Amino acid sequence: AGVVIGLLLLAGGNYWKQYKIKRAETASLLYENLLADLQQGKSDAVSAAATKLMQDYDATPYAGKSALLLARLRFDAKDIAGMRTHLEWAMKNAVEASVQHSARLRLAHLLLDQGETAAALALVNTKDTNGFTSEYEEIRGDALLAQGDRDGARRAYQAAVERLPRASSYLQALTMKRDNLGPEKTP
């Protein structure tokens, strides 16, 4: 009986591995076709494939990337509510941390554009910035500036400058944002 159970467990384990590999391959092919459709401007096909990836293959990295693509398509169509929905989905469900951060940062920008500074600040108040610290600090600075807190904005921009690689082409623009606020007030 023990041998039979062992063989059944081994067969079940092999089946599960093959099933996961097949799903990953299918998701990869679907995403590859989605990108080809995107290059050809077939937005309906892109939307359908991305939705399928998000619904049926949500445990793959392609689902989160698809949500970001759908958010971009919604932005291009001036559908801000749809964009927000897809960014929120990617932020909460994407498998890859970098996709979650990208979605969070894009959503924070959107919220700032919509005048929702408190919501944008809440989004960027995260401990794990996973290599995106400069971007989070810049958005924090933008939100604080929108709220009228010039000193807080200056400190956030300074933190963003300090965390940006010295070779970054964006360093000059970020430094200019900070410098445009003038010197910090002394107590």
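No experiment lies behind these values; they were computed from the predicted model shown. Scope of the values below: all heavy atoms of this structure, side chains included, with no hydrogens, waters or symmetry mates.
- For the side-chain contact (heavy atoms from CB on, under 4.5 Å) with Leu145, the qualifying choice from Asn180, Leu112, Leu181 is Leu181, the only one to do so.
- Here the straight-line distance linking atom CZ of Arg150 with atom CZ of Arg155 works out to 13.0 Å at 0.5 Å rounding.
- Leu34 and Met83 fall into different hydrophobic clusters, where Ile, Leu, Val, Met, Phe, Trp and Tyr side chains are chained together by heavy-atom contacts under 4.5 Å.
- To the nearest 0.5 Å, the span separating CG on Leu174 from OG on Ser168 amounts to 8.0 Å.
- Within the 4.5 Å cutoff, the side chain of Gln147 has heavy atoms near those of the Leu121 side chain.
- Transitive grouping of hydrophobic side chains (ILVMFWY, heavy atoms separated by less than 4.5 Å) brings Leu38 and Leu70 into a common cluster.
- Summarising the geometry of Ala103 relative to Ala90, their closest heavy-atom pair is CB-CB, 3.7 Å, with the distance given to 0.1 Å.
- Inter-residue side-chain proximity for Leu73 and Leu69 is flagged as unmet; no heavy-atom pair is nearer than 4.5 Å.
- Ala27 approaches Leu53 most closely through the heavy-atom pair O-CD2, 3.7 Å.
- No side-chain donor-acceptor contact under 3.5 Å links Arg74 to the backbone of Arg84.
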side-chain contact (heavy atoms from CB on, under 4.5 Å) assessment of Leu87 paired with Leu68:
CA-CA 6 Å; Leu87 290 175; Leu68 290 179; 3.9 Å; yes
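- How far NE2 of His109 is from CD1 of Ile139: 3.5 Å, rounded to the nearest 0.5 Å.
- The shortest distance between side-chain heavy atoms of Leu164 and Val161 does not fall below 4.5 Å.
- Distance check, rounded to the nearest 0.5 Å: OH of Tyr136 to CG of Asp128 gives 8.0 Å.
- The minimum heavy-atom distance between Ala108 and Val124, with the atom names listed, is CB-CG1, 4.0 Å.
- Between the CD atom of Glu96 and the OG1 atom of Thr60 there is a distance of 9.0 Å, given to the nearest 0.5 Å.
- Residues that satisfy the side chain to side chain donor-acceptor pair (under 3.5 Å) test with Gln40, not counting sequence neighbours, are Lys42.
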Trace of the side-chain contact (heavy atoms from CB on, under 4.5 Å) decision for Glu138 with Lys177:
CA-CA 9 Å; Glu138 181 183 10; Lys177 269 180 127 171; 2.7 Å; yes
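- With hydrogens and angles left out, the side-chain atoms of Asp142 and Tyr157 include a donor and acceptor closer than 3.5 Å.
- The main-chain N or O of Gly182 is found under 3.5 Å from a side-chain atom of Arg154 such that the two form a donor-acceptor pair.
- Hydrophobic clustering (ILVMFWY, side-chain heavy atoms < 4.5 Å, transitive): Phe75 and Met54 are in distinct clusters.
- Note that CZ of Arg140 is 11.5 Å distant from CG of Asp149, once rounded to the nearest 0.5 Å.
- Note: the hydrophobic cluster containing Trp89 also contains Tyr57 (ILVMFWY, side chain heavy atoms under 4.5 Å, direct or indirect links).
- In plain terms, the two heavy atoms of Asn130 and Ala97 that are nearest each other are ND2-CB, 3.3 Å.
- Between Phe132 and His101, the ring-plane angle classifies as parallel under the 30° and 60° cut-offs.
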Test log, rule salt bridge (Lys or Arg N to Asp or Glu O under 4.0 Å), inputs Arg72 and Asp76
CA-CA 6 Å; Arg72 177 57 195 231; Asp76 291 343; 3.1 Å; yes
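- Taking hydrophobic clusters as Ile, Leu, Val, Met, Phe, Trp and Tyr residues chained together by side-chain heavy-atom distances below 4.5 Å, Ile80 shares a cluster with Met91.
- Between Ser134 and Ala160, the shortest heavy-atom contact is OG-O, 2.8 Å.
- Enclosure of atom CD in Gln172 is not indicated, since only 12 or fewer non-hydrogen atoms of other residues, nucleotides or ligands lie within 6.0 angstrom.
- Considering only heavy atoms from C-beta on, Thr175 comes within 4.5 Å of Arg178 through its side chain.
- Under a 3.5 Å cut-off, the side chain of Thr26 and the backbone N or O of Lys22 do form a donor-acceptor pair.
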